[in-house]
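What follows is a single structure, written as structure tokens, with notes after it.
Protein chains get the first letters and strands the later ones, always in sequence-line order, with residue 1 at the start of each. In this text, all values refer to a predicted model and were calculated from it rather than measured experimentally.
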Amino acid sequence: MKLVKAILKPERFEFIKKALEDKGFKSMTVSEVRGRGEQKGISLEYRGGLMTVDMLPKLQIEIVVRDSDLDTLVSTITESARTGKFGDGKIFVIPVEKSIRIRTGETEI
Amino acid sequence: MKLVKAILKPERFEFIKKALEDKGFKSMTVSEVRGRGEQKGISLEYRGGLMTVDMLPKLQIEIVVRDSDLDTLVSTITESARTGKFGDGKIFVIPVEKSIRIRTGETEI
Amino acid sequence: MKLVKAILKPERFEFIKKALEDKGFKSMTVSEVRGRGEQKGISLEYRGGLMTVDMLPKLQIEIVVRDSDLDTLVSTITESARTGKFGDGKIFVIPVEKSIRIRTGETEI
Amino acid sequence: MAIDSGATAWILASTALVMIMTPGVGLFYGGLVRRKNFINMITLSFVAFALVSIQWVLFGYSLAFGADVGGLIGNLEYLGLNNVGMDPGAYSPVIPGLLYMVFQLVFATVTMAIVTSGFAERIKFSSYLVFALIWTTIVYDPMAHWVWGGGWASQFGAIDFAGGTVVHISSGFAALALALVIGKRVGYGKYSMEPANIPWSILGAALLWFGWFGFNSGSAVDANGLAAVAFVTTNTAAAAAAISWMLVSWAHGGKPSSLGFVSGAVAGLVAITPGAGFVTPMGAIIIGAVAGALCYGIMLWRQGKEIDESLDAWAIHGMGGLWGALATGIFSMAAINGKSGLIEGNVTQFIAQVVGAGSAVIYAFVVTYVLAVVIDKTIGLRVTEEEEYVGLDISQHGERC
Amino acid sequence: MAIDSGATAWILASTALVMIMTPGVGLFYGGLVRRKNFINMITLSFVAFALVSIQWVLFGYSLAFGADVGGLIGNLEYLGLNNVGMDPGAYSPVIPGLLYMVFQLVFATVTMAIVTSGFAERIKFSSYLVFALIWTTIVYDPMAHWVWGGGWASQFGAIDFAGGTVVHISSGFAALALALVIGKRVGYGKYSMEPANIPWSILGAALLWFGWFGFNSGSAVDANGLAAVAFVTTNTAAAAAAISWMLVSWAHGGKPSSLGFVSGAVAGLVAITPGAGFVTPMGAIIIGAVAGALCYGIMLWRQGKEIDESLDAWAIHGMGGLWGALATGIFSMAAINGKSGLIEGNVTQFIAQVVGAGSAVIYAFVVTYVLAVVIDKTIGLRVTEEEEYVGLDISQHGERC
Amino acid sequence: MAIDSGATAWILASTALVMIMTPGVGLFYGGLVRRKNFINMITLSFVAFALVSIQWVLFGYSLAFGADVGGLIGNLEYLGLNNVGMDPGAYSPVIPGLLYMVFQLVFATVTMAIVTSGFAERIKFSSYLVFALIWTTIVYDPMAHWVWGGGWASQFGAIDFAGGTVVHISSGFAALALALVIGKRVGYGKYSMEPANIPWSILGAALLWFGWFGFNSGSAVDANGLAAVAFVTTNTAAAAAAISWMLVSWAHGGKPSSLGFVSGAVAGLVAITPGAGFVTPMGAIIIGAVAGALCYGIMLWRQGKEIDESLDAWAIHGMGGLWGALATGIFSMAAINGKSGLIEGNVTQFIAQVVGAGSAVIYAFVVTYVLAVVIDKTIGLRVTEEEEYVGLDISQHGERC
Ligand SMILES: Nc1ncnc2c1ncn2[C@@H]1O[C@H](COP(=O)(O)OP(=O)(O)O)[C@@H](O)[C@H]1O
Ligand SMILES: Nc1ncnc2c1ncn2[C@@H]1O[C@H](COP(=O)(O)OP(=O)(O)O)[C@@H](O)[C@H]1O
Ligand SMILES: Nc1ncnc2c1ncn2[C@@H]1O[C@H](COP(=O)(O)OP(=O)(O)O)[C@@H](O)[C@H]1O
């Protein structure tokens, strides 16, 4: 199994979720993060002082899938998330050794 | 070493933490996430418009352990988190290659 | 590639970010987490009742790098984050199999 | 008599001040519940304001202040505000009758808001609307009549300057009855239930303190020395109680929490309410200091009994109001407003207070209990477990924060 | 005439009450936009307060209330508050002229704040300053003159107790014009745009309701029976509208949302504004109940047309104000304040209302539209797409929350 | 003389308005500190309110307003509010003596709240209680006596309409002294310290502006033309200063931040306080505009010196108050309230202002400094580094948000 970790524009989320659903990917875990890739930073002023805030809000989606579903999942995210501008985001694929459903205790490898 | 990533019901947290402590698992990192597994979605209304919010609040616990402790850790979480209902959560086990304690610089593999 | 996951003191962040920039590490994803390692817990009172809150705010930085950059990255974080006190944090290194840039679709392995 | 523009100015302002207390209760309560019920909790109070506003102008005011029928209830002479006009009215020699009506309206609304403590985080919204409408009609309106509308309690001699009995005992004991009928929140005593956002509770408490000046000082229904007395006793009792709760809970092994401080403040405001225009500022210090310690102790007792009267309307408003009613019978000074209490040797007044407050306790508790059971058996008081789990914000309002 | 201290006390208090409405609009709006524009939205309102405060004392008051020039505008007799003093003034027989001036000032500021709905989340801050200064001068000041300063509308017989036309129609239709000129937010109708923080919107609405007592009841410019009437009608209409919007949207397949409730409340407050001192409380119930349902329907219609008048100032203030102006021509009762409406058989008044409100709609919409286009073509109304993307908090103010 | 109900109505309302300023300071400050100290910062202000409320009725009022002892302090004639009653008092010919007392009370409380800027995010809560009680007694009470209670400053001819010297210079310079004694926050100048929640600061500032109408206009102790003047100058100076700070900081390479805007507003409110009832609205524009730019510059200077007077009470209240005291000696017009300033050629008044303000600066700074050192050496002012690290919310109150 793989953990697919995708860092995306928050405003594309509904759209991406829809695309994932259509392909049968229902389960996911989402968290709010901040990030920077190649986007330029912006500087913030606080009562006279300056601080640089180049960390823009992003949404991180994590989905664990069987190896056989990996390619479909990655391409579904890639296509639905792409706008062609900086900040479209990144996907990382990480190996998962085991997955356990707590309710039933069933384990998948 | 392994990273054990568990996505749980927030209200069970104190209970699970207690169980972990009893087994000697003190260290952990916790974050607030939203997720859906097999739970049904709920639709939200915003001044006349509708939006579907099926992402319910979850707590994600991440614990890095030695391989030898993995099974105890997973079963402790599974048992303490289980209520037998949908939404009990999932555990994922991910390989970790190295761990560094910043204060001392000591590295474990 | 590796995912370097570092859990740090929030107030050291600007400093660490600067150190990373100087070494050419621009991209990163940051999230707010709570954690405990060897720090002692603190107990909270809520209108007469007591609850233990030992989870202190931490910042988690995640950076994906080529294998060849791993050592520099880890040592940069370690050095810039170290204060020598409890709570300095931890770094975990996790294998990454693939990375995809959504804007262009280019994949690195 | 003729309208006095100064008195009218102050009661207009006081009515606005008391109005802000209802959302104030909502914010205070909202900050205390879990995040998933934050919006709902504020909304319950604000909806109470609107609902009771309409009920009051249609018939509530008449039931409370219409000509006395058997000591129990007012008649329908003021139905739809008939006969309530721009001139001074029966209860207000120097301000417009309509103004007195709306000043009383904001008391009725805030009482309803306080009650929502009893079923916090688990009430079905539609049932709440039904409950609120009936409760204000069969509990609040008669009780207001007894004390202020010429009913039996006033005839009997019980005094209540600004509504300790009518507003606080009634709502506090109603909340207790509701909590017993609706049952504990799922996980109560097992899960930790962290307050959504403490600064909101502090803001709510600040608005309550602010609005309470209108509540108590406005109850002089004039801009005069008595209004000034009530203003000063109110502030003094609140301050004493806030400090008292803070210190007692601190000494008792806890920390001087901000929620303890503001809870104490509210307890002090409640306790001084019936006596605000009868006691001296020094009396107010004692009333407040006792209220802070007492309500804190009662809250602990309630927690020990595992009664989920979730936001302590009973401990603070119910028991604080009861203490205030008795304290009025103890500390009233003839020099202030013509009434003597125990310390001036007047036992009769003290007995009148015991009887007045005691019957209020019983009436509010029993009628609310029965009403709650009836609603529960018919349309159901409580949301489903699933709805409670996802939270009332989403399940009842389709919103989240 | 001589100063009456009671009237003065009430108008001092009323002015403070109305003042809090401007930040109230900011909080209400702020909670509704996306998190990245939360600070900006509050700031737009608060800045409007400061900017218009200065404009008003320098020349705005004079343009609005100076001696009439051709029915259209005031002359410059009050420039820099010249001739506005501590004694009663031309418009205020029983309060200081300066007090009347500042009471009017807070009306001008809140109007400006309401307008910001139309370009929410996309206005360039520097252009906003320019726009606001010109708009209040060429739209608000003349319109205030027409109705209150002795201009043509008052000569014509149109009545507007507290500013339904001047404040609400003007700002609501201005917001619509602005929304059309500036265009939709990026992603409007495509992305979900979640409100930043609903409790802030509820707090904002509570402050609006609270302040509105000063707005409407203070418009009696005395502390008397009429002030009491306006106080009661205001509260009643707001309550009726809040419940009406909530029930209608619920019946219409939605949930009884807190935002629906408070939007309804604001609609009711708007609708009762022109008639607050002319209708009865029972009339107010009808005016409010219709307003809640009507504005909800108009909001849906707007959404259907995909017009991004983002925070519904048009639906609520514009159309609610229009309904209120007409309703004043329908429900006014001679017994209250000497004016009869349609239900007392007075067609003339109704026609005067139609003409008054109609011309306000046209003037506000057209002039705002032209002004917006001119500013857009010269210094540009809208931020860049990049700035809109990162949000106005960071891009315009260098702040975030 | 007899009580005037209109004046009484306005001072009752004003007292409520000023009361809300104390939590307002708390919210303003709370939003500016780091999240982990948010609750603590609000609580410090609110606790100040309660503590000083009790101190004031017990003996503070007597020290400040009792019969003069050597120009320095009041005697104990009003101990426990003895001889303070429902009738007009020595300081208030047309309102109840008790009302004047409580109006003064809310000034004393807000002063204490402002002081908390100096040790923000690092004060030990228990020590704060001790400090506050002593500070208000040995710094505030005498200073109030000098200016308003018949002490040497008033005998000398210094004028201070609403407390620029007593409230703002005293608290601002006290905060500076405290900051120097307690030392910088750990990491000051090294870590970025992001404000917890800017909207709360804006809300706090809005409540300050709102309450300040009671502060300044209520200081007329009547509802008359002078109250109207003070109302108008207050609003005008605040608006001018808000815009001025915003524009100057913008021109100076920054962005027009919301915090700059509200800081400017507070600076303007401070600066107009001593002259509110002596200058014209046009004078107020100048006073405000200068205040905004000046306090901004002083804040930058402080930051450059790396003095951690964390929330700029010194720059804004201290130096803004100093400017206001001098400005009163410049811009006062005899036509307003019988006092002439420099621009009417009256050098004496200006000198009196310099002497009055100067001695206030010295007294407040020196006494506070000594007191802070004494407390630091005995029970300790500052929390441990560990406690500072986890934050005062958890470490002092056992709460978090
Ligand atoms: N090497 C990396 N390691 C961790 N996170 C990354 C990395 N590269 C990109 N990200 C995350 O992905 C987000 C989007 O990346 P990208 O589209 O390249 O950048 P940008 O948004 O700056 O144009 C970033 O904001 C960051 O959160
Ligand atoms: N395949 C998956 N990938 C990522 N996260 C998952 C996956 N399956 C479940 N989760 C996470 O675990 C949580 C609980 O899962 P589960 O108990 O199966 O679902 P549910 O709570 O809907 O009944 C989900 O809300 C989600 O955050
Ligand atoms: N084994 C672990 N698994 C997961 N997270 C850990 C682990 N050890 C430490 N952490 C995270 O790193 C943070 C800092 O750790 P450390 O410096 O050891 O602890 P402490 O801060 O308590 O002294 C912790 O708060 C926790 O979030």
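- Counting only heavy atoms from C-beta outward, the side chains of E:Asp222 and D:Thr8 never approach each other to under 4.5 Å.
- From D:Leu81, atom CG reaches atom OG1 of E:Thr280 across 9.0 Å, with rounding to the nearest 0.5 Å.
- The distance from the CH2 atom of E:Trp200 to the CH2 atom of D:Trp200 is 5.0 Å, given to the nearest 0.5 Å.
- At a 4.5 Å heavy-atom cutoff, the contact between D:Leu98 and chain E is made by backbone and side-chain atoms alike.
- Residue with the most contacts toward chain D among E:Ser258, E:Ala242, E:Ala227: E:Ser258 (heavy-atom pairs, distance under 4.5 Å).
- Here E:Thr236 contributes atom OG1 and D:Ile54 contributes atom CD1; the two are 6.0 Å apart, rounded to the nearest 0.5 Å.
- Ring planes of D:Phe125 and E:Trp250: tilted class, angle from 30 to 60°.
- Minimum heavy-atom separation, D:Val57 to E:Met282: O-CE, 3.9 Å.
- Counting only heavy atoms from C-beta outward, the side chains of D:Leu12 and E:Phe231 approach each other to under 4.5 Å.
- Taking 4.5 Å as the limit, some side-chain heavy atom of E:Asn235 sits within range of a side-chain heavy atom of D:Leu105.
- Salt bridge E:Glu194/D:Arg400: present, at least one basic N to carboxylate O contact under 4.0 Å.
- With contacts defined as side-chain heavy-atom distances shorter than 4.5 Å, the pair D:Ile42/E:Ile198 does not qualify.
- Residue D:Thr22: no heavy atom, backbone or side chain, is found under 4.5 Å from chain E.
- Neither the backbone nor the side chain of E:Ala241 comes within contact range of chain D; no heavy atoms are under 4.5 Å apart.
- At a 4.5 Å heavy-atom cutoff, the contact between D:Ser5 and chain E is made by backbone and side-chain atoms alike.
- Both the backbone and the side chain of E:Phe210 have a heavy atom closer than 4.5 Å to some heavy atom of chain D.
- Between D:Phe46 and E:Trp209, the ring planes are tilted. Angles from 30° to 60° get that label.
- Interface remark: E:Leu203 contributes side-chain atoms only to the contact with chain D (heavy atom separation under 4.5 Å).
- With values rounded to the nearest 0.5 angstrom, D:Ile39 atom CD1 is found 9.5 Å from E:Ser257 atom OG.
- Residue E:Asn224 touches chain D through its backbone alone, counting heavy-atom pairs closer than 4.5 Å.
- With contacts defined as side-chain heavy-atom distances shorter than 4.5 Å, the pair E:Leu259/D:His397 does not qualify.
- Of the inter-residue distances, the one linking E:Met246 atom CE with D:Leu129 atom CG reads 5.0 Å to the nearest 0.5 angstrom.
- With a 4.5 Å cut-off on non-hydrogen atoms, E:Ala7 touches chain D through its backbone but not through its side chain.
- Using a 4.5 Å heavy-atom threshold, the side chains of E:Val229 and D:Met86 count as touching.
- No other option in D:Ala13, D:Ala16, D:Gly97, D:Ala223 has as many heavy-atom pairs under 4.5 Å with chain E as D:Ala16.
- For E:Ile243, the part lying near chain D is the side chain, with the backbone staying farther off; criterion is any non-hydrogen pair under 4.5 Å.
- The contact between E:Ser217 and chain D is made entirely by side chain atoms (from C-beta outward), counting heavy-atom distances below 4.5 Å.
- Only the side chain of E:Leu17 comes within contact range of chain D, judged by heavy atoms closer than 4.5 Å.
- Contact of E:Pro199 with chain D is made through backbone and side chain together, with heavy-atom distances under 4.5 Å.
- Atom NZ of D:Lys36 has more than 12 neighbouring heavy atoms from other residues, nucleotides or ligands inside a 6.0 Å radius.
- Counting non-hydrogen atoms of other residues, nucleotides and ligands closer than 6.0 Å to CZ of D:Arg382 gives a total above 12.
- In this structure, no portion of D:Trp56 lies under 4.5 Å from any heavy atom of chain E.
- For chain E, no part of D:Val106 is nearby; none of its heavy atoms comes within less than 4.5 Å.
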